[in-house]
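Naming: A, B, ... by sequence-line order, numbering from 1 per chain.
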Amino acid sequence: QKEVEQDPGPLSVPEGAIVSLNCTYSNSAFQYFMWYRQYSRKGPELLMYTYSSGNKEDGRFTAQVDKSSKYISLFIRDSQPSDSATYLCAMTRGGGSQGNLIFGKGTKLSVKP
Amino acid sequence: IAGITQAPTSQILAAGRRMTLRCTQDMRHNAMYWYRQDLGLGLRLIHYSNTAGTTGKGEVPDGYSVSRANTDDFPLTLASAVPSQTSVYFCATRRGVEQFFGPGTRLTVL
């Protein structure tokens, strides 16, 4: 079993829809959970991260972590065509020498006008 | 320089040739990373450096080497390129738990 599993999609939604992106993981030592957005032919950019379990909201984006289920989610409200990108989940045990990230393979999202 | 720069942007290379991908940052972050990204396989860590003078192996280090002579530069060398090293290569730095990525180098080995 891979440490981090993410459905590659592709996922296609109409503009204005609520999008749910998810990852599961197997290593209970992970403490930090990230979501990166990657536009075509660009480097990944960090959207947001959370520490341990709980929710975090930033504008139209909400990240949720359920450590008991080893399941994380990213919700996008009122999706826009500009949200079309590949979304990568990533996680780590912590900073310092433990700061190496483990990435999911990414979910490709397309938001149609 | 703003953030992380990578050079070249893209390159076509004959198999067996030596190639160095360059990465320079101006953020003074101690930790730096090299990843490769392949369709269906996602981002995989090649090598990393937690601070100048130290390096470590990631998930897929074979065929690659790195050096970290100073804080700002972290070059990745392919000693003798093979077609399976065709990929997009990303350099990254870390501040705390956040990683910041460069624009990437698209490498094709024929």
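- With rounding to the nearest 0.5 Å, the separation of CD in Q99(B) from CG in L101(A) is 4.0 Å.
- Under the 4.5 Å side-chain heavy-atom criterion for Ile, Leu, Val, Met, Phe, Trp and Tyr, L76(B) and L13(B) are members of the same hydrophobic cluster.
- The most heavy-atom pairs under 4.5 Å with chain B, out of E45(A), K42(A), R41(A), Q6(A), come from R41(A).
- A continuous path of ILVMFWY side-chain contacts below 4.5 Å connects L11(A) to L74(A), so both sit in one hydrophobic cluster.
- In terms of hydrophobic clustering, with Ile, Leu, Val, Met, Phe, Trp and Tyr side chains grouped at heavy-atom distances under 4.5 Å, F33(A) and F75(A) are assigned to different clusters.
- Interface remark: P44(A) contributes backbone and side-chain atoms alike to the contact with chain B (heavy atom separation under 4.5 Å).
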>> Between L46(A) and F100(B), is the side chain to side chain contact (heavy atoms under 4.5 Å, CB included) condition met? List the steps.
In response: CA-CA 7 Å; L46(A) 181 65; F100(B) 303 88; 5.7 Å; no

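- Around atom CZ of R60(A), more than 12 heavy atoms belonging to other residues, nucleotides or ligands sit under 6.0 Å away.
- Heavy atoms only, all atoms of each residue included: M34(A) and V97(B) are closest at CE-O, 2.9 Å.
- With hydrophobic clusters built from ILVMFWY side chains whose heavy atoms lie under 4.5 angstrom apart, Y35(B) does not share a cluster with L21(B).
- Around NZ of K67(A), the count of heavy atoms belonging to other residues, nucleotides or ligands within 6.0 Å exceeds 12.
- Y51(A) does not touch chain B: none of its heavy atoms, backbone or side chain, sits under 4.5 Å away.
- Contact annotation for L43(B): both backbone and side-chain heavy atoms come within less than 4.5 Å of a heavy atom of chain A.
- Heavy-atom distances place the side chain of L88(A), and not its backbone, under 4.5 Å from chain B.
- We find the CD-CZ distance between Q38(A) and F90(B) to be 5.0 Å, quoted to the nearest 0.5 Å.
- Between the CZ atom of R44(B) and the NZ atom of K105(A) there is a distance of 9.0 Å, given to the nearest 0.5 Å.
- Among residues 101-110 of chain B, the residues having any heavy atom closer than 4.5 Å to a heavy atom of chain A are, in sequence order, F101(B), G102(B), P103(B), R106(B).
- A heavy-atom distance below 4.5 Å is not found between the side chains of F103(A) and L45(B).
- Annotation: the span from E98(B) atom CD to M48(A) atom CE amounts to 11.5 Å, rounded to 0.5 Å.
- In this structure, F74(B) is not a member of the same hydrophobic cluster as I4(B), with clusters built from ILVMFWY side-chain heavy atoms closer than 4.5 Å.
- With a threshold of 4.5 angstrom between heavy atoms, Q37(B) approaches chain A through side-chain atoms but not through N, CA, C or O.
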